[in-house]
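Below is one structure, written out as structure tokens; comments come after it.
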Amino acid sequence: MDFVQSFRQNFIEGDRWKYLTDGLVVTLEITGAAVLLGLLLGFIVAIIRCTYLKTGKMKIADALCRLYLTVIRGTPMMVQLLIIYFVVFASVNISKTLVAIIAFGINSGAYVAEIVRGGIMSIDNGQMEAGRSLGLNYRQTMTSIIMPQALKTVLPALANECIVLLKETSVAGYIGIYDLTKGGDEIRAQTYSPFLPLIAVAVVYLVLVMFLTFLVGKLERRLSSNDRR
């Protein structure tokens, strides 16, 4: 079978290309929502940990955050997904997509927390002292002086975490979600031809990652130009 015939069989006949487009929509939905959840969790955990390290306050919350970081970073993403679906939500009638968003968001939050914490702790203590000497309290100093500087520092690492999360969603098929990877697998199962479906899935992921990298690079250049003014 030549390339054209194989292409027709894998993507044209039976409108099999829809497996990829439908799966892509699900992948983007899971990634987008999980990124937002991960950022929210990550910033909360990072602020709690930094508050404890800088002031000694919120000791119990810091201990819970450290337990969360240890468990999430010490276990595989796929195992976490299976536990959340088959154990935590086993008796609850809930959307598989929502389960995946929660699982990937919780996982990403742990890595975002450490990235943001590293950025906050890298800011010189003199910045905090300057804010307090201006009459700002701890919260105002963090939001007005420390966090804006820390965000510029950690932006490349946060973008990299988003890219990693996008690719990690490829294991969502283990709980029966028809994402991009599962869509390619469905075509392969129907045509018994693994080459083109898998290459197509890989190309789509590559294009998505390149697009995200382009957007982040553009944002970094804009932030750098503002620094030079």
Side-chain angles (χ1 to χ4, degrees), residues 1-40 76-86 88-90 92-109 111-112 155-220:
M1 183 182 296
D2 61 21
F3 179 81
V4 174
Q5 288 179 318
S6 179
F7 186 88
R8 287 182 57 83
Q9 182 194 41
N10 281 285
F11 303 117
I12 307 300
E13 293 176 5
D15 290 334
R16 293 193 177 99
W17 57 272
K18 290 184 178 178
Y19 288 112
L20 296 180
T21 55
D22 293 345
L24 175 60
V25 171
V26 174
T27 292
L28 293 178
E29 286 177 352
I30 294 173
T31 302
V35 164
L36 293 178
L37 179 59
L39 288 174
L40 177 64
M77 175 63 244
M78 191 179 74
V79 175
Q80 295 168 20
L81 176 66
L82 295 176
I83 289 174
I84 290 177
Y85 180 68
F86 289 109
V88 177
F89 292 113
V92 180
N93 184 19
I94 186 173
S95 162
K96 292 178 181 177
T97 301
L98 181 57
V99 171
I101 290 170
I102 293 172
F104 288 115
I106 290 174
N107 178 271
S108 180
Y111 295 96
V112 169
L155 183 61
L158 285 178
N160 188 58
E161 170 56 26
C162 293
I163 290 172
V164 171
L165 179 61
L166 168 67
K167 292 185 290 185
E168 280 189 336
T169 60
S170 61
V171 302
Y174 279 91
I175 60 172
I177 293 177
Y178 267 89
D179 68 330
L180 178 59
T181 305
K182 192 71 173 178
D185 201 45
E186 182 65 27
I187 297 175
R188 181 192 58 79
Q190 292 184 13
T191 62
Y192 302 102
S193 173
F195 180 74
L196 281 180
L198 294 178
I199 291 298
V201 170
V203 168
V204 174
Y205 274 116
L206 180 62
V207 170
L208 290 175
V209 169
M210 290 174 65
F211 180 65
L212 286 174
T213 304
F214 168 75
L215 291 180
V216 173
K218 200 170 182 178
L219 180 59
E220 284 187 72

Lys/Arg-Asp/Glu bridge criterion (N-O < 4.0 Å) met for Lys182, Asp179: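 No, Lys182 and Asp179 are not salt-bridged.
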Flag the pair [X] / [Y] as yes when at least one side-chain heavy-atom distance between them is below 4.5 Å, and no otherwise.
X	Y	answer
Leu215	Leu219	no
Glu161	Val35	no
Ile187	Trp17	no
Val112	Leu40	no
Thr21	Val25	no

Determine the minimum heavy-atom distance between [X] and [Y], stating which atoms define it.
X	Y	result
Ala172	Leu81	CA-CD2, 3.9 Å
Phe89	Val99	CD1-CG2, 4.1 Å
Ile177	Lys96	CD1-O, 3.2 Å
Val204	Leu180	CG1-CD2, 3.5 Å
Phe104	Ala34	CB-CB, 3.7 Å
Leu37	Ile102	CD2-CA, 3.9 Å

Distance, nearest 0.5 Å, that separates [atom1] of [X] from [atom2] of [Y]:
X	Y	atom1	atom2	result
Gln190	Arg188	CD	CZ	11.0 Å
Thr213	Met210	OG1	CE	8.0 Å
Leu36	Cys162	CG	SG	9.0 Å
Asp185	Leu198	CG	CG	7.5 Å
Thr191	Leu196	OG1	CG	8.5 Å
Gln80	Ile106	CD	CD1	8.5 Å

Does a donor on one side chain sit under 3.5 Å from an acceptor on the other, for [X] and [Y]?
X	Y	value
Tyr205	Ser170	no
Ser6	Asn10	yes
Gln5	Gln9	no

Neighbour count >12 (heavy atoms, 6.0 Å) for atom CZ, Phe86: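 Count over threshold, so yes.
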Leu166 backbone acceptor or donor facing Thr169 side chain under 3.5 Å: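 The answer is yes, because a donor-acceptor pair under 3.5 Å joins these two groups.
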Test log, rule side chain to side chain contact (heavy atoms under 4.5 Å, CB included), inputs Tyr178 and Val26: CA-CA 7 Å; Tyr178 267 89; Val26 174; 5.8 Å; no
